[in-house]
Amino acid sequence: MRPEKTPKQVAVEAVADMLKWPENLEKLDQLRQRTRNKMDAVHTRLKTTVQSQLDDVKQGITRLQQARTNIGDVKGNLTSVTDEYNACQGLREYTEKTRALSQQRDELRHVLEQIDRIFTVPEEVVSLRSEVIPETTESGEIVSHPNLLATHHRIAQLEECRDSMLRMMQKHASATSIQKTILTYFEKVHVLAEQLSMRLLSELSEPLELVAESPTRLVTWLRIIEKEERNDLHAPPSQFRPKHLRNKFLDKWEMAVELRFDTQLGTLRSVDNFLKRVDSFYFSDLKTALTELEGRFPPHYEIKSKYLEQYHTRLFAMVEQLKESHDIDPSEIMSLLRWVPKYKTRMEQELGVDVTQRFPDQLLSRSGGESAMRAQYIDMLRKKLESWCNNLIATEVEPWFVITEDDPTPPNTNLEGLFYSDAPKILFQMIDQQIDVAFSPGNPVSFVQALLDECMKTLERFVTDYAKSVQQCRDLYVGPTPSERPELLVEYMMTCGNNTIQIREYFIPQLREKVDELQPAELVHYRMLERPCARAARVLSDIASACNDVVVDIFMSDVQKHCDALLTAKWLRSKIAVKTIVATLTDYVTDFKDHLQRSLLSPLLHMCWVRLLLEYVKGFIAKRFALKNKEDREEYVERLKTEVDELYELIMEDLESDERSLRLQSAIHSIVHITLSKPSMLLPEWKSLRSNFPDATIHHFEAILLVREDMGAKEVKKAINEQIIKKSSDNIEPRSNTMGTPFFALVPVSTATDYSTAAPSGKGDKK
């Protein structure tokens with residue numbers, strides 16, 4: 001270790017450090033003044049410290065002197081106390097004798113009192129019986145309430161007398177026989193005590209009712225229980241003690257709570273009724289317990305905690321039992337799931353109880369909890385929706401396939417006169433309800449997705465089954481061997497078509513708008529309804545077209561006999577056939593305009609127009625009337641053109657003429673022109689026909705020419721070969737129709753004549 005430096009050495013080093021540089025010699029006065037100031041400060045601190053230590057020493061010496069004086073005083077006082085205590089030895093002995101005498105006197109007085117009670121037991125029993133068993137009215141109400149505390153006190157005194165006598169007789173030689181005598185003598189006292197206890201337990205088992213009826217009597221019974229508990233604590237054990245009246249009361253109270261739950265909820269099997277009943281008494285009972293009972297029961301009863309735990313436990317057990325029942329409905333599952341958060345909120349807001357923290361068993365927490373219940377809801381709903389959808393379709397299409405002897409009921413009409421049925425409305429009410437369920441607060445995103453998927457599957461199932469029913473109807477009534485159809489089948493098909501429009505243009509957009517409005521942020525990009533709704537819309541469009549097809553087929557079947565009479569000799573002489581067709585068509589068109597959606601009307605009338613035109617073309621090509629001369633031909637085609645124009649005006653009345661309808665009308669005009677044209681001018685007519693109707697073939701052209709009386713089969717073939725096949729570069733085969741529905745492709749003609757081997761234009765000239 002290095003030796004410690006002396007102050008002088010330290011000072012020398014400090015001065016050497018200050019004067020290390022030559023320029024510091026100029027600051028010598030400043031360095032001296034700075035050192036002097038530091039020394040003054042150190043001296044001042046030393047003086048202050050020394051003075052403080054001196055004051056502390058002085059104060060300590062003063063306190064030591066005072067303590068010495070106090071010790072002397074205490075010693076003197078102890079000496080005087082010892083002298084006085086020694087002087088009181090005789091008084092102590094006197095006091096002990098006095099205490100013994102007082103105790104003997106109390107025992108004698110107690111014996112005298114007991115003797116008085118012993119001899120008055122029969123009279124006391126008679127007097128107490130009327131108080132223990134009070135007088136009641138016919139309705140069971142108590143006429144008067146005696147002072148129960150006084151009654152209990154008198155019975156307790158008789159019991160104490162009996163117990164004292166039994167204890168004193170234990171040392172007697174003939175204790176057994178004497179004790180039997182005592183028990184026999186006090187037997188009615190024991191009966192009264194039991195009756196009072198039974199009455200106490202009976203009235204006190206329903207504290208809520210008792211506190212509402214008589215809070216004073218509630219407190220009285222509780223005071224009696226506490227008196228009995230104290231007696232149990234201080235009295236020696238015997239055949240009558242301890243009574244454990246408090247435990248009996250609590251057991252009776254628990255049984256009463258169970259009975260209240262069983263009475264209120266035990267017979268209810270409907271979840272909604274169950275929850276309404278719970279709301280009607282559960283919270284009011286607990287409020288009463290917390291406000292009215294807690295202040296009247298002794299604190300160690302913990303009546304608030306007991307009520308909360310007992311009520312929650314019973315509710316938990318009954319909710320679990322209800323949840324596990326086999327006949328629970330999907331809507332009831334959601335009612336339970338929605339009610340539990342409300343239950344927790346009410347418990348916290350109205351009672352200040354945090355259910356999650358206070359109770360270990362939470363409602364709906366077992367068997368997978370709420371997630372399992374939601375999965376169960378999806379499974380049950382899937383079956384329910386499938387059953388509802390099947391029943392809805394069956395009810396909707398039943399009139400389509402049932403023929404009754406009674407007058408059938410026509411479809412409903414709305415304010416606009418359009419036919420409709422309730423099936424779409426019922427379907428979308430079901431889906432709308434499930435959308436509300438899906439977006440209820442607290443549901444996870446996975447549940448929302450699963451539920452909306454089921455809704456969309458139900459929609460697709462409905463429209464698919466709807467389409468199958470329409471197709472089945474078409475196969476049954478419009479096939480080669482049609483069955484007898486219901487009288488109002490046309491109206492039913494119009495209703496079906498209107499329903500598809502209503503679903504596609506109103507209900508589906510409404511659903512999508514609602515989902516877009518309600519869906520959480522996590523599902524904004526999910527687009528769960530886009531594809532299913534698009535598929536359903538396509539199927540609905542097909543259904544509407546199929547319904548129109550059935551209606552047109554039925555219309556054509558009604559006028560087919562008259563259509564077969566068109567373009568015959570009789571047709572030229574009489575207008576009965578066409579008038580019948582016009583009358584039938586007018587009747588149908590009137591119904592269409594009155595009861596059919598506007599968007600379906602144009603396609604339907606267009607289909608009727610096409611079918612009627614086809615009948616005219618088929619009748620014309622079939623050569624139902626043999627022309628004899630040019631005048632016959634001109635009259636024949638003029639009549640044809642006139643009727644077609646009239647039919648067009650009738651069908652398109654109040655509707656905007658479209659290009660398709662006008663183009664189809666031009667088919668008849670083309671046939672008229674071909675029929676009236678010169679045999680040498682066929683090529684322009686062929687080109688005109690071909691340009692308007694690409695699906696027309698050379699055989700159609702041939703069939704039209706064969707109707708003429710001035711051209712036979714050989715002339716027609718020769719004219720076509722020379723004027724069309726050799727000179728026209730246009731392909732004689734049919735082309736795809738780019739202008740809409742095919743027309744001539746629907747007209748069957750003979751293809752026996754082979755035009756494919758004819759040489760094209762140019763090559764024939766060289767030969």
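- With sequence neighbours excluded, the residues that form a side-chain hydrogen bond (donor to acceptor under 3.5 Å, both in side chains) with S335 are D272.
- For E292, the salt bridge (charged side-chain N to carboxylate O under 4.0 Å, His left out) partners at least two apart in sequence or on another chain are R296.
- The structure places CD of E96 at 10.5 Å from CG of L91, a figure rounded to the nearest 0.5 Å.
- Salt-bridge check for E370 with R374: passed, with a basic side-chain N closer than 4.0 Å to an acidic carboxylate O.
- Between the side chain of S102 and the main chain of T98, no donor-acceptor pair closer than 3.5 Å is present.
- Residues T458 and L427 meet the side-chain proximity criterion, which asks for heavy atoms closer than 4.5 Å.
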Take L128 and L196 through the test side-chain contact (heavy atoms from CB on, under 4.5 Å) and record every step on the way to the result.
-> CA-CA 10 Å; L128 290 170; L196 184 64; over 6 Å; no
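- In this structure a side-chain-to-backbone donor-acceptor pair under 3.5 Å is present from H234 to R230.
- Ion pairing of E203 with R199 is present here, as a side-chain N (NZ or NE/NH1/NH2) and a carboxylate O approach within less than 4.0 Å.
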side-chain contact (heavy atoms from CB on, under 4.5 Å) between W388 and L392, worked out = CA-CA 6 Å; W388 289 338; L392 193 61; 6.0 Å; no
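- Y377 and E454 share no donor-acceptor pair across their side chains, judged by distance under 3.5 Å alone.
- For the side-chain contact (heavy atoms from CB on, under 4.5 Å) test, residues two or more places apart in sequence or in another chain that qualify with R512 are I508, L529, E530, C533.
- The salt bridge (charged side-chain N to carboxylate O under 4.0 Å, His left out) search around K514 returns D432, D436, not counting sequence neighbours.
- Using a cut-off of 4.0 Å between Lys/Arg side-chain N and Asp/Glu carboxylate O, R241 and E228 are scored as salt-bridged.
- A salt bridge is defined here as a Lys NZ or Arg NE, NH1 or NH2 lying under 4.0 Å from an Asp or Glu carboxylate O, and R246 with D232 fails to meet this definition.
- Applying the side-chain hydrogen bond (donor to acceptor under 3.5 Å, both in side chains) test to T291 and every residue at least two apart in sequence or in another chain returns nothing.
- In terms of the ring pair (Phe, Tyr, Trp, His ring centres under 6.0 Å) criterion, residue partners of F462 (sequence neighbours excluded) are, by chain and number, Y466.
- Taking R277 as the reference, nothing meets the salt bridge (charged side-chain N to carboxylate O under 4.0 Å, His left out) condition, with sequence neighbours excluded.
- For the ring pair (Phe, Tyr, Trp, His ring centres under 6.0 Å) test, no residue two or more places apart in sequence or in another chain qualifies with H244.
- H190 pairs by the side-chain hydrogen bond (donor to acceptor under 3.5 Å, both in side chains) definition with nothing, not counting sequence neighbours.
- Partners of Y506 by side-chain hydrogen bond (donor to acceptor under 3.5 Å, both in side chains), not counting sequence neighbours, listed by chain and number: Q510.
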Evaluation steps, salt bridge (Lys or Arg N to Asp or Glu O under 4.0 Å), between D379 and R382 = CA-CA 5 Å; D379 292 337; R382 183 182 300 114; 3.1 Å; yes
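- Shown here are the ring pair (Phe, Tyr, Trp, His ring centres under 6.0 Å) partners of F428, two or more places apart in sequence or in another chain: F507.
- A search for ring pair (Phe, Tyr, Trp, His ring centres under 6.0 Å) contacts involving Y311 returns F261, Y282, Y307, not counting sequence neighbours.
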Would D279 and K342 satisfy salt bridge (Lys or Arg N to Asp or Glu O under 4.0 Å), going step by step from the backbone distance to the final call?
-> CA-CA 11 Å; D279 292 339; K342 295 179 182 178; over 6 Å; no
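- Distance alone, capped at 3.5 Å, places no donor-acceptor pair between the N443 side chain and the F439 backbone.
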